[in-house]
Amino acid sequence: MQYLFLYNSVLNPIRVLINAAQQIERGQLDARASINVTGELGDLERAFNNMADEIKRTNITLRENSQALRNIIQTSPLAMIQMDADRIINMWNPAAERIFGWSEAEALGRHLQTIPPDKADETSALFESQLQGKSLTRVNSQWLRKDGTLVDVSISAVALHDLAGNLTGFSSIINDISELKQAEDAMKVSNDTLSLSVAKLEQRTRELTQLGEMGDLLLACVLPEEANLVIARALGKIFPNMSGTLYEVPPSRDQMKPVMTWGAFITEASTFAMDGCWALRRGGTHRVEDSVASLICQHVADEGGKAFPYLCVPMMAHHEALGILHLRCSAGSAAITQENQQLAETVAEQIALMLSNLKLREALRQQSIRDTLTGLFNRRYMDETLTREIGRARRGKIPVSIIMMDIDHFKQFNDTYGHEAGDMVLKSIGKLLQTEVRADDIACRYGGEEFTLILPGASRKIAQQRAEQLRDGIHALEINYKGKALGALTLSFGVAVFPTHGESGQAVLKAADTALYQAKQNGRDRVELAG
């Protein structure tokens, strides 16, 4: 509007002068009117002067703005690159030189040298999108530096057009985001590490939970068979991608015996000599990852497991080897990790302690119910069992027979050969009873040289037959003491049956004892049935 006003202020006086000259020429204007014309010329001069001043002020403003824009471009931390319609660079600021390494002289008049070969198609697509009127805002990419290295950049660009809408070039602002990218990568690594740590912690928590549950169940176990079942199920969960075998050291300490096997990657385990495992030889964990470069345990080689990474961990309790925990990976699976080994050692230690406690409890229980000399059940266990069997027989209406037996002339035998020889006789009779009785029969040492045999479900006739068989077995015993054969042994037997000879266990036991003394009075070495 300001320029339009100046334009009109200059043009209008010119029009007035032209009209006045035409009128003078036609004689339509007298000399007095020329004064007005002179006034119009003064207005014209003033208008021209005003316009010149305005143009001067405008030029100054334009130069100041241009210098400010140049300062911004030169001092900007962002690379500013401008290209013509043919993508020839016509502006390259110092930030672009700092980021990419090419000087302004090396960059001007050339195509972009910053595009990696593998980014050429991607960059062309970006130019095409600008030609379609789309502006780019913070597009992340990797461009080349002069030294051939890559730099992470964020690009914002737009296509340039003249007033007629014709393409004149492209303008872009580029930010070096290398440090930001490195920070993001470091953050990602930290997040991945944290996630992995959390996953490992969760897995460790699950393993410890399962280990704790196994420990609680083992404490509740009474028999070794129950403990083996608990251990097998727990280890299958603790080591889901591995197979294994648990070996135990037998009392003879000669052959390792497999007590359980789990998993799908292991063959049926067999016994082997204790020196066939490097873990027992070394007294520590034996880990094999490379079957070619490592020492293979004999028990693994015998099973054809050379191609499998495996781990043998000795189970130690109170400085004594109780067995081996053997773990094996499947073919082609990842090798055993340090975490697997640490967990296996923890598991083996806990299993060893639990089995040691279980064996100790079993030993104490056996001591409480077994006679230490003969290995037979003691009188306390006999009383408890007899009460239980009589109650079961009463409910099932079945008989229970009791055989009481006593060694004939045992005092005289001790006086002749000594008490050590007498102990050997008692052990021999105890061994005979253990081998001759059925699984359901209960053989007990009643006291001194007396023994009791409880026969659940046996009738009077069967009980008498069993007593006669035992009497014959005693006759066949050959006992040597210190290289000298001891004399022949004989036993007297008394037989009684529930409910024929009593309504309670003690009553039947008393009847069998009475029959035993009857056999003694009738000449010994005989079987008598209660009257």
Side-chain angles (χ1 to χ4, degrees), residues 371-379 381-383 385-386 399-438 441-456 458-482 484-498 500-502 505-531:
D371 175 61
T372 56
L373 180 63
T374 62
L376 300 176
F377 292 110
N378 56 25
R379 183 168 179 174
Y381 182 80
M382 183 202 72
D383 292 338
T385 303
L386 182 59
V400 175
S401 295
I402 296 178
I403 301 176
M404 290 288 290
M405 60 197 83
D406 183 86
I407 302 174
D408 295 330
H409 305 296
F410 186 68
K411 184 178 182 303
Q412 182 180 349
F413 188 91
N414 275 338
D415 294 340
T416 303
Y417 299 102
H419 288 284
E420 290 185 2
D423 290 343
M424 181 169 290
V425 169
L426 294 175
K427 290 179 182 179
S428 299
I429 294 176
K431 185 176 181 180
L432 175 67
L433 291 177
Q434 288 176 341
T435 56
E436 294 296 328
V437 299
R438 303 172 304 173
D441 297 341
I442 299 98
C444 308
R445 184 183 180 187
Y446 190 74
E449 66 272 21
E450 287 186 297
F451 300 88
T452 304
L453 189 60
I454 302 174
L455 308 174
S459 63
R460 175 180 60 85
K461 180 179 179 181
I462 293 175
Q464 284 183 297
Q465 292 175 353
R466 296 291 302 282
E468 292 291 348
Q469 292 172 358
L470 288 173
R471 191 172 70 89
D472 293 339
I474 293 296
H475 291 166
L477 276 180
E478 294 182 1
I479 305 174
N480 293 315
Y481 177 67
K482 293 183 178 180
K484 182 179 180 181
L486 302 180
L489 292 175
T490 62
L491 268 70
S492 298
F493 297 82
V495 178
V497 182
F498 169 85
T500 304
H501 300 114
Q506 292 301 320
V508 178
L509 187 66
K510 184 177 181 180
D513 191 54
T514 301
L516 170 62
Y517 279 98
Q518 187 66 38
K520 291 278 189 181
Q521 292 176 1
N522 291 338
R524 295 182 174 85
D525 189 20
R526 58 186 296 118
V527 177
E528 290 288 346
L529 179 67

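Given the structure is predicted, the values throughout are model-derived calculations rather than measurements. Any value given below was found using the heavy atoms of this structure, including those in side chains, with hydrogens, waters and symmetry copies removed. Residue numbers start at 1 and run along the sequence shown.
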Backbone N or O of Leu432 within a donor-acceptor pair of the Thr435 side chain at under 3.5 Å?
yes
Arg471 side chain to Ile474 main-chain N or O, any donor-acceptor pair under 3.5 Å?
no
OG1 of Thr490 to CG of Leu477: how many Å apart, nearest 0.5 Å?
11.5 Å
Would a distance-only check, ignoring hydrogens and angles, find a side-chain to backbone donor-acceptor pair under 3.5 Å from Asn522 to Gln518?
yes
So, do Asp423 and Leu373 sit near enough that their side-chain heavy atoms are less than 4.5 Å apart?
yes
How far does CG of Leu386 sit from CZ of Arg379, to the nearest 0.5 angstrom?
11.0 Å
Euclidean distance, Ile479 CD1 relative to Met424 CE, rounded to 0.5 Å
8.5 Å
Under 3.5 Å: donor-acceptor pair, side chain of Asp371, backbone of Leu376
no
Before giving the answer on side chain to side chain contact (heavy atoms under 4.5 Å, CB included), spell out for Thr372 and Asn378 the whole-Å C-alpha distance, their side-chain angles and the decisive distance to 0.1 Å.
CA-CA 9 Å; Thr372 56; Asn378 56 25; over 6 Å; no
Side-chain touch Leu516/Ile403, heavy atoms, less than 4.5 angstrom:
no
For the backbone of Asp525 and the side chain of Ser492, can you confirm whether one donor and one acceptor N or O come within less than 3.5 Å of each other?
yes
Leu426 side chain reached by Phe451 side chain, heavy atoms, under 4.5 Å
yes
Salt-bridge contact Asp406-Arg524 (side-chain N to carboxylate O under 4.0 Å):
no
Greater than 12 external heavy atoms within 6.0 Å of Lys510's NZ:
no
Report yes or no: does Glu450 contribute a side-chain atom to a donor-acceptor pair with the main-chain N or O of Met404 at less than 3.5 Å?
no
Answer whether the closest heavy-atom distance between the side chains of Leu509 and Thr452 falls below 4.5 Å.
yes
Could you check Val495 against Val527 for side chain to side chain contact (heavy atoms under 4.5 Å, CB included), going step by step and ending with a plain yes or no?
CA-CA 7 Å; Val495 178; Val527 177; 3.9 Å; yes
Leu470 versus Leu453: any side-chain heavy-atom pair under 4.5 Å?
yes
Sub-4.5 Å side-chain heavy-atom contact between Leu489 and His475
no
Going by an N to O cut-off under 4.0 Å, is there a salt bridge joining Arg526 and Glu528?
yes
CD/Glu449 to CG/Leu491 distance, rounded to the nearest 0.5 angstrom?
9.5 Å
Walk me through whether Ile407 and Val425 qualify under side chain to side chain contact (heavy atoms under 4.5 Å, CB included).
CA-CA 9 Å; Ile407 302 174; Val425 169; 4.2 Å; yes
Does any non-hydrogen side-chain atom of Glu468 lie less than 4.5 Å from one of Gln465?
no
Does a side-chain heavy-atom distance below 4.5 Å link Phe377 with Arg445?
no
Does Asp415 pair with Lys411 as a salt bridge, N-O distance under 4.0 Å?
yes
Pairing of Arg438 and Asp441 as salt bridge, 4.0 angstrom limit:
yes
Relative to the ring of Phe410, is the ring of Phe413 parallel (under 30°), tilted (30 to 60°) or perpendicular (over 60°)?
parallel
I need the minimum non-hydrogen distance between Ser401 and Val497, along with the two atoms involved.
OG-CG2, 3.5 Å
Under 3.5 Å: donor-acceptor pair, side chain of His501, backbone of Ala530
yes
